[in-house]
Amino acid sequence: MSVQRMIQVASAEVGYRETGNNDTKYNRWLGKISGYPHGGFGYPWCHSFLSWCLEKSGNAGAGPRTAGCAVGVAWFRARGRYYSTPQVGDFVYYGTGGGTHVELVVGVTASTITTIGGNTSGSLGSTYYNGDGTYRKVVSRSSSRIHGYGRPTYSAGGGAGAEAGADVIGLKQGDKGEAVKGVQQLIVFAGQSVGKAGVDGDWGPDTSKGLLAVRRSMGSKEKSATKMTGWAYAQLMAAVARKQGGK
C-alpha cells in the first residue's frame, strides 16, 4: 500500500461521469443512503470516490470509509491527522467545517495544489463540465474554500475495519486530547451542542449531554452517555450521516 498507488487509481478515474443524479459506481460500492434517488445510491459522491480509491489501491483503513465530508474531517481529527498545510496524498476538505467537498492532493507547489476529485467540475477535451464527474485541477493554496487537510496513513493502513472507531471507543467523561475533539466534532456535526467551550478536547458534562442528545435522537432510551461504547459510536455516526445528508 502506498500513496503512489492511491494516485494511480485516482488518476485512472479522471473522466468518469455520473449517471442521472449522482448515481455512480462509487456509491454502488459504498452502499445505500435512504432518501436519495436511484434507490438510495444517488447521493453526493466526492467522499465515496476517495474511499473507493483507498480500497482499490490497497489502502483500506488508511483513511475514512464514508460518504460524509464532515465524518471524514472528524475521523482525521480524532487521530491527530488534520493539518493546515498540504502533502501529496492528503485529502483536502472545503467549505464550512470541511463539510462541503473533498479531493485528493496529487501535487503541491509553494502556491498551488493539484487535485483529483469526484462529483466536481472541470474540463475534458477543452469542454467544461459542471459537477458531474471526476476531474484533475489546480487550486490556489490561499483559496478561502480550503478548510484543511486530512492525512491518510498510507504506510500503515490497518485493514478494512480500522476506521470503525477504534481510536474513540472507550473514551469517557474526564478524558482529554485530540480523540476527544473528534468525538465533540461529530456531536456538533450531528446537530447537538458540546457546551459553551465548544470543541476543546475536554470531555466534560456538556459533552456527555450532547452525546446523550444524539443517542436519543436515534431512538436510544439511555439515561446517560458518559462513555463512548461501540453502540454509541454507531448511533453517532448514523446521526452525522443523517444530518449531513451524505455530503
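Counting begins at 1 with the first residue of the sequence.
Within the 4.5 Å cutoff, the side chain of Thr207 has heavy atoms near those of the Val194 side chain. No side-chain heavy atom of Pro37 sits under 4.5 Å from any side-chain heavy atom of Asn22. Two residues are said to be in side-chain contact when any heavy atoms from C-beta on lie closer than 4.5 Å; Val108 and Arg141 meet this criterion. Within the 4.5 Å cutoff, the side chain of Ser57 has no heavy atoms near those of the Gln8 side chain. Between Thr134 and Trp45, some side-chain heavy-atom pair lies under the 4.5 Å cut-off.
Under a 3.5 Å cut-off, the side chain of Asn27 and the backbone N or O of Tyr43 do form a donor-acceptor pair. Using a distance-only test at 3.5 Å, with no hydrogens or angles considered, a donor-acceptor pair links the side chain of Arg79 to the main chain of Trp75. One N or O on the side chain of Gln184 and one on the backbone of Asp200 form a donor-acceptor pair closer than 3.5 Å.
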Would you mind writing out the side-chain donor-acceptor pairs for residues 82-89 within the sub-3.5 Å range, not counting sequence neighbours?
{"residue": "Tyr82", "atom": "OH", "partner": "His147", "partner atom": "ND1", "Å": "2.7"}
{"residue": "Tyr82", "atom": "OH", "partner": "Gly148", "partner atom": "N", "Å": "3.3"}
{"residue": "Tyr83", "atom": "OH", "partner": "Gly80", "partner atom": "O", "Å": "3.4"}

Contacts table for residues 168-177: side-chain donor-acceptor under 3.5 angstrom, sequence neighbours left out:
{"residue": "Gln173", "atom": "OE1", "partner": "Ser208", "partner atom": "OG", "Å": "2.6"}
{"residue": "Asp175", "atom": "OD2", "partner": "Lys172", "partner atom": "N", "Å": "2.9"}

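A distance of 5.5 Å separates CZ in Arg81 from OG1 in Thr153, rounded to the nearest 0.5 Å. We find the OG-CD1 distance between Ser140 and Ile146 to be 7.0 Å, quoted to the nearest 0.5 Å. To the nearest 0.5 Å, atom NZ of residue Lys181 and atom CG of residue Asp202 are 11.0 Å apart. Considering CG of Asn119 and OH of Tyr16, their distance stands at 11.0 Å, rounded to 0.5 Å. Note that the CG atom of Leu30 and the OG1 atom of Thr66 stand 7.0 Å from one another [nearest 0.5 Å]. Summarising the geometry, atom CG belonging to Leu236 is positioned 5.0 Å from atom CE belonging to Met228; distances are rounded to the nearest 0.5 Å.
Sorted by first and then second residue, the salt bridge (charged side-chain N to carboxylate O under 4.0 Å, His left out) pairs with a member in residues 21-35 read Glu13-Lys25, Asp23-Arg28; sequence neighbours excluded. Here salt bridge (charged side-chain N to carboxylate O under 4.0 Å, His left out) pairs that include residues 84-109, with residues two or more places apart or in two chains, are Asp90-Arg151, Glu103-Lys137. Residue pairs meeting the side chain to side chain donor-acceptor pair (under 3.5 Å) criterion with at least one member in residues 212-223, sequence neighbours excluded, are Arg215-Gln235.
For Gly72 against His47, the heavy-atom pair with the smallest separation is CA-NE2, 3.8 Å. Ala60 and Glu55 get closest at one heavy-atom pair: CB-OE1, 3.4 Å. In terms of heavy atoms, Trp203 sits closest to Val183 at CZ3-CG1, 4.3 Å. Closest of all the heavy-atom pairs between Leu54 and Pro64 is CD1-O, 4.1 Å. When all heavy atoms are compared, the tightest approach of Gly118 to Cys46 is O-CB, 3.3 Å.
By the ring-ring contact (aromatic ring centres under 6.0 Å, His included) test, Phe49 pairs with Tyr26, sequence neighbours left out. Every residue two or more places apart in sequence or in another chain that forms a side-chain contact (heavy atoms from CB on, under 4.5 Å) with Gln4 is listed here: Ser2. Judged as a side-chain contact (heavy atoms from CB on, under 4.5 Å), and not counting sequence neighbours, the contacts of Lys56 are Val9, Trp52. Residues satisfying the side-chain contact (heavy atoms from CB on, under 4.5 Å) criterion with Leu104, sequence neighbours excluded, are Met6, Ile7, Ala10, Leu50, Phe91, Val106, Tyr154. Judged as a side chain to side chain donor-acceptor pair (under 3.5 Å), and not counting sequence neighbours, Asn21 has no contacts. Checked against ring-ring contact (aromatic ring centres under 6.0 Å, His included), His101 has the following partners two or more places apart in sequence or in another chain: Tyr94. Applying the side-chain contact (heavy atoms from CB on, under 4.5 Å) test to Ser193 and every residue at least two apart in sequence or in another chain returns nothing.
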Exercise. Could you go step by step and tell me if Ser11 and Ile116 meet the side-chain contact (heavy atoms from CB on, under 4.5 Å) rule?
Worked result: CA-CA 7 Å; Ser11 296; Ile116 295 174; 3.4 Å; yes
Exercise. Should Thr19 and His38 be marked as a side-chain contact (heavy atoms from CB on, under 4.5 Å) after you check the CA-CA gap, both sets of side-chain angles, and the distance that decides it?
Worked result: CA-CA 10 Å; Thr19 300; His38 303 294; 5.6 Å; no
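Put simply, Leu212 and Phe189 are part of two different groups of oily side chains (I, L, V, M, F, W, Y) that touch within less than 4.5 Å, one to the next.
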